[in-house]
Amino acid sequence: MGGQRFNLLPVVIASGAVVLALDVLTPLGFTAFNLYVGVVLLASWLPWQHAALWTAAGCTLLIPLGALLSPFSNAKFEVILINRAIAAGCVWLVALLIIRRKKAEVGEQLAREARAYAESVVETVREPLVILDADLRVHRANRSFYEKFRTTPGAIEHRLFFELGNGQWDIPKLREILHAIIPQHTEFNDFEAEYEIEGIGRRTMILNGRKLFRPGNNTSQILVAIEDITERKRAAEGIARLASIVASSHDAIISKTLDGIVTSWNQGAEQLFGYTAGEMIGHPILILLPPDRLGEEAHIIASLRQGKILDHFETVRRNKDGRLFDVSLTISPIRDERGTIIGISKIARDITQRKRAEEEIRRKGEQLEAANKELEAFSYSVSHDLRAPLRHINGFAELLGKHAAAALDDKGRRFLQTISDSAKQMGALVDDLLSFSRVGRTEMRSTPVRLDQLVKDVLDEIQPEAQDRHIAWTISPLPEVHGDPPLLRQVLINLIGNAVKYTRQREQAAIEVGCLNGSQTEHVVFVRDNGAGFDMQYAHKLFGVFQRLHTAGEFEGTGIGLANVQRIIHRHGGRVWAEGTVNGGATFYVAFPARKEASHDG
Amino acid sequence: MMAEFKRILFAEDNPKDVELTLTALEEHNLANEVVVVNDGAEALDYLYRRGKYALRADSNPAVVLLDLKMPKMDGLEVLRTIKADERLNTIPVVILTSSREEKDLVESYRLGVNAYVVKPVDFQKFIDAVKELGVFWAVINEPPPRSVGLRQDQHASSQPR
């Protein structure tokens with residue numbers, strides 16, 4: 001197209017030459033010079049803005065030239081001059097008109113381009129924009145606005161801005177500032193408002209508004225830009241929360257570069273190390289390391305570079321006063337978005353107290369162990385030494401009985417018998433006490449134990465002793481528990497044996513072994529009898545060592561059985577209790593933890 | 001002084017226990033077969049024919065009855081020594097003790113004891129236990145060679161019977 005325009009130039013020149021030729025060759029009266037106007041008109045098509053003027057100038061030179069060269073130039077000089085001047089004036093007039101017209105065209109073009117440009121900017125901006133007319137009705141909005149607020153041009157155009165979203169923008173303060181924009185030439189920034197978008201939820205928006213002048217028709221509009229800052233706000237709140245946690249933490253939280261230069265230093269760090277943030281930030285962290293541990297830092301950084309995290313690394317650090325103290329360090333790499341390690345974060349905790357406590361616990365443990373050993377030695381010695389004299393009393397009483405048989409009367413024999421019986425009784429006590437001590441000391445195995453089977457075994461063992469008794473046994477299904485089979489067997493022997501013993505005076509004894517239902521956390525097994533029972537006010541004494549609620553005359557026994565039961569069950573992490581009434585029978589309950597979590601007390 | 005050999009070596013520090021035990025053995029006429037030593041060291045002296053037993057007849061007893069808790073050297077140590085020495089380890093050893101402690105039992109059997117008897121407090125039971133022990137080990141049980149006069153070692157020392 002450009003090439004076509006360029007081809008016009010010779011045409012214009014040629015047409016100028018033709019007009020000049022006509023002007024020279026035609027007689028007077030044929031005012032060919034007026035055709036120069038046509039040349040100028042033709043030149044208006046040339047691509048240059050001022051081509052018409054240059055052509056007019058050229059024509060102005062040619063107009064008198066034609067008169068000079070014409071052989072027919074016999075008219076009066078004045079007439080020729082006036083004619084030619086009028087022609088030149090016409091040429092210039094046409095040229096000027098053309099130029100003006102051209103200028104207007106260019107302006108319009110520019111305005112069109114500017115509008116298109118503005119339009120594309122508005123449409124491309126990712127923030128929702130809405131343009132309001134002076135009466136605060138929506139003129140139009142951009143695509144982002146429609147997408148963000150899930151609406152359409154038809155739904156909002158020509159409606160009052162305050163009516164949008166069921167009046168959610170109808171906020172008195174916003175009304176006030178929007179109304180003020182055009183008359184007072186004001187603008188506003190960062191007006192924050194909550195806005196509920198259907199199907200998305202509550203969002204936090206900020207609005208910015210300013211006046212737009214439309215030169216075309218001399219009216220003003222308002223551009224309102226809306227930004228959804230919900231995420232940003234949330235992130236900022238998160239960061240603020242983290243920052244306040246870091247700031248208020250008692251642990252020292254420090255960050256540093258890979259070169260060991262401190263980049264952040266919280267209050268906890270100030271307290272722990274005694275240096276202020278101002279003293280540390282920008283300085284090497286090595287100042288905190290005792291001289292004999294300087295090598296540690298290189299080791300730490302080397303392992304972090306490999307992406308390792310040092311968790312609860314216990315070491316020694318030095319504070320501003322030069323005091324050394326135990327710390328536990330958790331050190332991890334700080335990575336940027338691409339995963340590159342850009343720094344190191346370090347949480348340090350003073351564990352001097354803990355170390356001291358650990359030391360204390362260890363010492364206590366040793367003491368306890370020593371006490372335990374002593375106790376063991378004690379019971380060993382009881383086992384061995386206490387029984388020997390009893391054996392001797394017994395033995396020599398018998399020997400005396402034989403030796404002095406003739407000299408003894410019934411009374412004397414009874415005295416000797418009492419001596420023997422007492423010694424035997426004490427022997428039984430010593431044995432029971434030892435068994436009690438053993439229950440606490442022997443190592444415990446834990447395996448699944450089928451209580452059903454265990455009860456059956458115990459009954460097989462006990463029943464022969466109760467052959468001549470009338471006992472109605474009720475044995476319900478029992479659970480499987482975790483525990484040490486011999487110890488649990490001892491528990492059942494004690495409980496069932498007691499039930500048999502304390503129902504001795506019943507014509508018809510009834511003994512029930514069962515399991516309570518309903519607890520998720522434990523299995524409760526009970527042994528119930530209709531025997532002598534006990535007074536609940538002494539229930540707390542039942543499980544004490546050598547505590548008895550009946551005299552030896554009523555029911556024999558040493559008072560160790562239930563103490564053993566309690567000790568064994570406690571070692572299994574369970575509990576025992578009992579209910580009873582005097583002469584109304586007793587029920588003993590044993591609760592086993594449902595899961596295999598037996599505690600191991602000393 | 002101890003020229004004649006005896007079938008039972010009885011190590012017990014408590015004279016009352018010794019008396020009761022001997023009384024029990026008397027009923028089967030075994031009391032004369034008993035050499036009583038009062039601690040572990042003396043028991044080893046007897047077995048190795050050292051000190052005051054240097055001149056005793058050269059033969060091993062048919063059984064050693066050992067108390068556990070004795071002065072100087074306790075029963076477990078004696079047992080360990082006996083079972084570690086191939087000249088002695090065929091001698092049956094019976095622990096006769098007041099201790100019912102599991103660790104004593106375990107340790108005794110680990111060392112190779114032949115029987116472990118807890119002395120009953122009840123005298124009659126005690127008598128029965130000791131009698132049975134004495135009869136079983138000294139009379140019924142066939143002792144290993146080299147004991148009770150059957151010993152034939154390379155020195156072929158005199159064996160007065």
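FYI, side chains are in, hydrogens and waters are out, and symmetry mates aren't considered; it's all heavy atoms of this structure. Just so we're on the same page: letters track the sequence lines, and every chain starts at 1.
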With a 6.0 Å cut-off (strictly less than), is the heavy-atom count around [atom1] of [X], excluding the residue itself, greater than 12?
| X | atom1 | answer |
| --- | --- | --- |
| A:K402 | NZ | yes |
| A:R450 | CZ | no |
| B:K72 | NZ | no |

A:F555 and A:Y502 aromatic ring geometry - parallel, tilted or perpendicular at 30°/60° bounds:
tilted

Looking at chain B, which one of A:G395, A:G427, A:A428 has the largest number of heavy-atom pairs inside 4.5 Å, strictly under?
A:G395

Check the side chains of A:Q453 and A:D457 for a donor-acceptor pair under 3.5 angstrom, ignoring hydrogens and angles.
yes

Roughly how far, to the nearest 0.5 Å, is CG of B:N60 from CD1 of B:I91?
3.5 Å

Report the distance from atom OH of A:Y589 to atom CZ of A:R575, rounding to the nearest 0.5 Å.
11.5 Å

Heavy atoms under 4.5 Å from chain A: which residues of residues 127-136 of chain B carry them?
none

Contact list (residues 8-23 of chain B to chain A, heavy-atom gap under 4.5 Å, by number) returns B:N14, B:K16, B:D17, B:E19, B:L20, B:T23

Smallest separation among heavy atoms of [X] and [Y], with atom names:
| X | Y | answer |
| --- | --- | --- |
| B:S108 | B:I95 | OG-CG1, 4.1 Å |
| B:E77 | B:M73 | CB-CG, 3.5 Å |
| A:L562 | A:F543 | O-CD2, 3.5 Å |

